[in-house]
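Reviewing the structure listed below.
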Amino acid sequence: MKVQESLFIQKKKALLKRLLDMLLEQYPYASILAEDTKSRNYNVSRKNMSVGEGERGTFRGFVVKVSDGKHYAEYSFNQISEENLEDICAHIKELVESSDELMPDGVCESEYQVPMEKKAEFSGSTEYEIDPETLGDDAILDHLTAIKEKGLAVSEKILDCHAVSSYQKYTKLFLSGDRVMEQSVMWMTCFLYFVAAKGEEIKTYYKPYSNLGGAEVLSRMDADIEDCAKAVLELLESEPILPGEYDCICSPDVTGMIVHEAFGHGVEMDMFVKKRALAEQYVGKRVASDLVTMHDGASAANEVATYFFDDEGTMAHDTTVIEKGILKSGISDLQSALILQTEPTGNGRRESFRRKAYTRMTNTFFEGGTDSVEEMIASIQYGFLLENPQNGMEDPKNWGIQCMVNIAREIRDGKLTGKIFSPIVLTGYVPDLLKSISMMSENVRLSGSGMCGKGYKEWVKVSDGGPYIKAKIRLG
Amino acid sequence: MIEQIRAVLQQLGIAEYRIVESVQESVESFFVRKKLDLKRRTDLTDYSVVVFCPHEKNGRQMLGASAVNIHPGMETEEITETLQKAYQAAALVCNEYYELNAGEKEDFVASNSRFAGQSLEESIRQIVEALYASDTSEKVFINSAEVFAKRVVRRIVNSRGVDVSYETYLVSGEYVVQCIEPRDVETYHQFSYDDAEPDALRQDVAEAFTMTQARAEADRPPKAGEYTILLSGKNLQEILQYYCGRSSAGVIYQKYSNYQIGDHVQGNAVQGDVLTIYMKAKEPYSDEGIPMKDRTLMENGALKMFHGGLKYSYYIGIEPTGDYHSISVPVGSRTMEELKASPYLHIVSFSDFQMDILSGHFGGEIRLAFLYDGEKVTPVTGGSVNGSILEVQGNMTFSKERYRNDQYEGPYAVRMENVKVAGIE
């Protein structure tokens, strides 16, 4: 089944085209992005239940971008009617002319070319198997409640089991002088979150699931309940690790965090514009072992960050970022591409119509290798299998790594010993880690349960992943 | 629009509800080096509606709730469909009953911020001027910056007579300082002011320049091992979130925290400073329309209160306080000079410092630290901190020097003993 276009967008299309025409009479470039986004969040735990729309996931509004030939300005608003079109144009004119009010002495305004767009018309929708709206709140809550009860029943030591799900369905319409593009997309995610206590210390375990589609993702949680419960109970017996550099195997979700946080942010080309990314100096050079080929793109995989065109009207790409260890290309939004005189790669994304577009990752992952996980574990004399990523932070300027994982499983003489360490901080220098990758498993797994920020804000949906990888990593 | 929503709620027979109207205007400017790269303006009106459905399950009284967003310009038919669906969802939500708050129409609370006396553009210009005041060198400079000036007027009404409204101003943003010699490095900084304090930003930026120069000189991580560490500024603020998080009504109700009122939560044999923490009301009302006031969370190490919104406060039998986002802490017993009298590792910048309020673990990758070995101070970079508040809270010593932002006012630094640091072997 295909995701249906928003009726609201359909109804406003003619009005938006009229607004665009009015703007194009005044400015050499004008575009409008209209968004209608619906979301619903479900959360069931031992003593709590909730269902409703999230503030961050449900919105309806418009952003206009204009160029006076040299400078850009944007206006975000969420009320439009026949009566206020002139007012909207007046606000934009006032903004375009406001530069002097915003800049103290010594600060001037950047100058850009007007983008040269090729004519394009597009309309497309993603597919789903089960529409969560049709399935209904009651069926979804029943499913989550059954999972929660099964999770709590595993052990009395389990303080709580959260079964959580969200979906977002959106229609975006992009209009400019040369483009009329429209897309409707739906993704759905869920996760299990176990909490267990030992004295004052609380341990948690989180397992995410995601898909480009609908409520068919819910059933993927069912088989993992007992394993997740077992993992949180194991964590109660975990110890802090002795800091040091170790041979490590990263599970696909930990690989994903390294791909995304350690390297991906560093090839966002708005960082090249600001001279904030070391990667700019390494294009064409070795940054990883021969085994590593890395992709990013809204069309590179079918996951939560899949779309047909970005928020600036550029069609989705599959960008090969690293090919056999050599850095080939960054990813780019439209404005950065104008300065760098490169082609935009369909990575211009906004948190919503309320915010500016930045270069953002989409579906980011390493290709698979040829090794089996068993061979990888057997190859390690002393080291760790790293699982259950928690969070990470980018450092594009200096390629420092900060990633936190919940579990390090001890490997001794090629076998898992059953002993686990937690929590673990991964640090080091990104190329050192990537060049140390010596084995990779065949299967690639992507996951997109969380959101990605640029610094500490601008949250967008992304997915990341890869195969199991073997590398040398500094743990603390 | 509020009256239109109320009319639909009445027509649907929805007796209990809360509506929050938020009218926001903002001016935003984005800079790359000393150039204005993009200017933006937003004019946004939002309506968030929570509908409540009292019902019974297995003979027990329940109160389900569901939140939806009503968009400006929505036609009555769509508003009706949205609210009806929300009410049906609320009927499925089986949470124990809790009491909603009652009130009456209160006067609009105007902001007394100095930002209120000037346009958003003037506020931006004032802050940008302060931001670039230290940017006079070719070697160390502001790489890029984003500045947001925002005015928000909120009105909260509910089915039990609450009708309150107030105005807030906020100028916030971030900037990256770059130093190109002897190594090309950068540091990332955020700011947020609810009152016009350009001098405070000017001083912060000057310190950021000094810090970035030090990072350019740092070329190696510390050796792995256990250290006496100093944490300061926002990192100390993050550490203290542990006590706020562990005492929130939601965490108490779900038994994620075993805190009890009167507990000496740092332990009974504190060797360092005992903590007093005040929770500061930065807005006159919470999101639920609860009047907010300053309160004492901890006094001399003893927990004085739990805090939270309507639901969890009712469940654990306390007065609802609303949710707090700002704390104030009296300064500590030692000067920075005293805290630095013996060997230490003072971490001034992490890539992302995290305090896990459930496990008590804190940590992050070190972007810049100063290592004092008893003889000399050396800047270091790299490696990571991995500590547990449960292990260090009995022996924390706080500085007499102060630090302040819109969410924190208190000691600038804390000294902690025997914290694990991953570094070079």
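Order of the sequence lines fixes the chain letters, A, B, ..., with proteins taken first and strands second; residue numbering starts at 1 for each chain.
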Side chain to side chain, Phe353(A) and Leu44(B), heavy atoms closer than 4.5 Å:
yes
Contact origin within Glu96(B) toward chain A - heavy atom pairs under 4.5 Å
neither
Give, as side chain, backbone, both or neither, the part of Arg367(B) having an atom under 4.5 angstrom from any heavy atom of chain A.
side chain
Quick one, Glu133(A) with Lys85(B), criterion side-chain contact (heavy atoms from CB on, under 4.5 Å). Give me CA distance, side-chain angles, the key distance, then yes/no.
CA-CA 10 Å; Glu133(A) 280 191 80; Lys85(B) 193 175 168 193; 3.4 Å; yes
Using non-hydrogen atoms and a 4.5 Å limit, figure out which bit of Asp43(B) sits close to chain A: side chain, backbone, both or neither.
both
Honestly, the part of Arg183(B) sitting under 4.5 Å from a heavy atom of chain A is neither
Asp184(B) bridged to Lys275(A) by N-O distance under 4.0 Å
no
Contact origin within Val421(B) toward chain A - heavy atom pairs under 4.5 Å:
backbone
For the student: nearest non-hydrogen atoms of Lys420(B) and Ile241(A), plus distance
CD-O, 4.3 Å
Are any of the side-chain nitrogens in Glu186(B) or Lys274(A) under 4.0 Å away from the carboxylate oxygens of its partner?
no
Residues Arg60(A), Glu78(B): salt bridge by 4.0 Å N-O rule:
yes
Below 4.5 Å from any heavy atom of chain A, which atoms of Tyr253(B) appear? Answer side chain, backbone, both or neither.
both
Please report the C-alpha distance between Gln190(B) and Lys457(A) in whole Å, then the side-chain angles of each, then the deciding distance to 0.1 Å, and finally whether the side-chain contact (heavy atoms from CB on, under 4.5 Å) criterion is met.
CA-CA 11 Å; Gln190(B) 290 174 300; Lys457(A) 56 186 183 62; over 6 Å; no
Heavy-atom pairs under 4.5 Å with chain A: which of Val128(B), Asn143(B), Ile366(B) has the most?
Asn143(B)
Here the gap from Met74(B) atom CE to Phe8(A) atom CZ, rounded to the nearest 0.5 Å, amounts to 9.0 Å
Tell me, for Ser144(B) versus chain A, whether the close heavy atoms (under 4.5 Å) come from the side chain, the backbone, both or neither.
side chain
Sort Glu146(B) into side chain, backbone, both or neither according to what part of it lies under 4.5 angstrom from a heavy atom of chain A.
side chain
Could you tell me which portion of Tyr256(B) (side chain, backbone, both or neither) has an atom closer than 4.5 angstrom to a non-hydrogen atom of chain A?
both
Contacting region of Ala89(B) [heavy-atom separation from chain A under 4.5 Å]:
both
